[in-house]
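The structure under discussion appears below in the form of structure tokens.
If you're wondering where the values come from, they're calculated on a predicted model, not measured in any experiment. Atom set for the values below is all heavy atoms of this structure, side chains included, hydrogens, waters and symmetry mates excluded.
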Amino acid sequence: MSELSGRDVISIVDFSRSELDLIMEEAEKLKGKRTDDLKGKIMATAFFEPSTRTRLSFQTAMLRLGGSVIGFSSEEGTSIEKGESFSDTIRMLDNYSDIIVVRHRLEGAAKLAAELADAPVINAGDGSKNHPTQAMLDLFTIRETFGHIDGLNVGVLGDLRFGRAASSFILGVSKYNVKLFLISPPELKARRDVIAYLKDNNIKFSEVERLEDVISELDVIYVTRVQKERFADPAEYEKVRGSYRITARMLASARKEAIVMHPLPRVDEIDISVDSTPHAAYFRQAANGVPVRMALLKLILGG
Amino acid sequence: MIKEEEKLIVRRIKEGTVIDHISPGSSLNVLKVLGITGEEGMTVALVMNVPSRKMGKKDIVKIEGRELTQDQVDKIALISPDATINIVRDYRVVEKRKVSVPEVIRGIIRCPNPMCITNQQREAVIPTFRRISDSPLVLRCEYCGAILERKDILDQFR
């Protein structure tokens, strides 16, 4: 029986380094495979907020393991529209399925679901901090590229305050012995609780405002989108946007092996000129959602 | 020792609990935290802003006929960390206790994060916080991870 059997997946910080390694090793084995490991099992996807990649890769992962999928992908057309609470919806799904994958705009929704349901619950993103399976596939992509995570210089760029992928990635990668560069405009610096976590765990990190100042030191450039709506003053946004937009030309000063990652969807924060460079890792990263989620489902449900 | 002039305001109690050294002006909130509304029927005396040698001014609450448990009194530490608890039997103080913020706080305070699931009225959830530091007081929401300091807690009682 796997040590992750029956586990809820709420936040990346709940996972030890050895558990993350176990998931990544399993993902490596499952990549590109189809199995019958979860035949007869049902996964419910309860997506109260839209998603393409996360929902579809969870579904693909379950189908490739021989399991079945039920669920909804928006509140439209469900009883939530009639005013049914989140709690009641989860209680109902708990009776219909063996595992529940939840996405919700409110923070803590997945934890509440885990308390209410007997079935294991996987957080597919709640609020602006937790998206643990995204962080797992991010780590897997780094490991696949470099063969290791320890010793790398990792830059996280953009909206570190409201972006859940960025927060989860920062928390996840800090399980390894890396040097972190948090690169953001002052308005979008990492959350107070994320910084407190880094300090409490003696993680080496520095907060900088300009990618140009550190790009030549980085092995990993993790890009997230800086949204105009986050700025009180539009002039402030116009001033900083250039620093948070990656182009092939900017990467001329990056290390040869450096990779550019992005949780996607991207808008214009990575110029399409980057796509054809060897630095571009984001499509490979998105594809890794399937084996990593297969590994997780198998380790939790496989018994 | 309760001074002579205070005795003129509120008489001694025979049995029950005296909460002394409450931060001045906070005694109504202390009752709120304890869930005492007055409908319980017991005699409750409340004194505000009396002179105190130690604190300059302080509030006092006397509750006749009920001995508060440690769990109950520890909640007081959220808003009045210097409060002291005297358990009275037959007009004599038989036990003196200090208050300290409990490790887990359920249902007394709200999460300041409007996006936290605990702020949804119809959901089956009680706001729950874990104490991560005593001095200065720092709490963390068990659901969204938001950090609360004493100022954030006091703001909720304004």
Who in residues 189-197 of chain A is close to chain B, using a strict under-4.5 Å heavy-atom cut-off? Arg191(A), Arg192(A), Asp193(A)
Please list, in residue-number order, every residue in residues 90-121 of chain A that has a heavy atom less than 4.5 Å from any heavy atom of chain B; write 'none' if there are none.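 Those residues of residues 90-121 of chain A which have a heavy atom under 4.5 Å from chain B are Arg91(A), Arg105(A), Leu106(A), Glu107(A), Gly108(A), Ala109(A), Lys111(A), Leu112(A), Glu115(A), Leu116(A).
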Specify the closest pair of heavy atoms between Ala124(B) and Ser87(A), including all atoms of both residues, with the distance to one decimal. N-OG, 3.0 Å
Pick from Glu123(B), Arg122(B), Gln120(B) with the largest number of heavy-atom pairs that fall under 4.5 Å of chain A: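 The answer is Glu123(B).
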Does Arg161(A) have more than 12 heavy atoms from other residues, nucleotides or ligands lying within 6.0 Å of its CZ? no
CD of Glu103(B): more than 12 outside heavy atoms within 6.0 angstrom?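 Open.
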Atom pair CG/CD1 of Asp200(A) and Ile132(B) - distance to nearest 0.5 Å: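 Those atoms lie 7.0 Å apart.
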Which atoms of Asn119(B) are under 4.5 Å from chain A, going by heavy atoms: the side chain, the backbone, both sets, or neither? neither
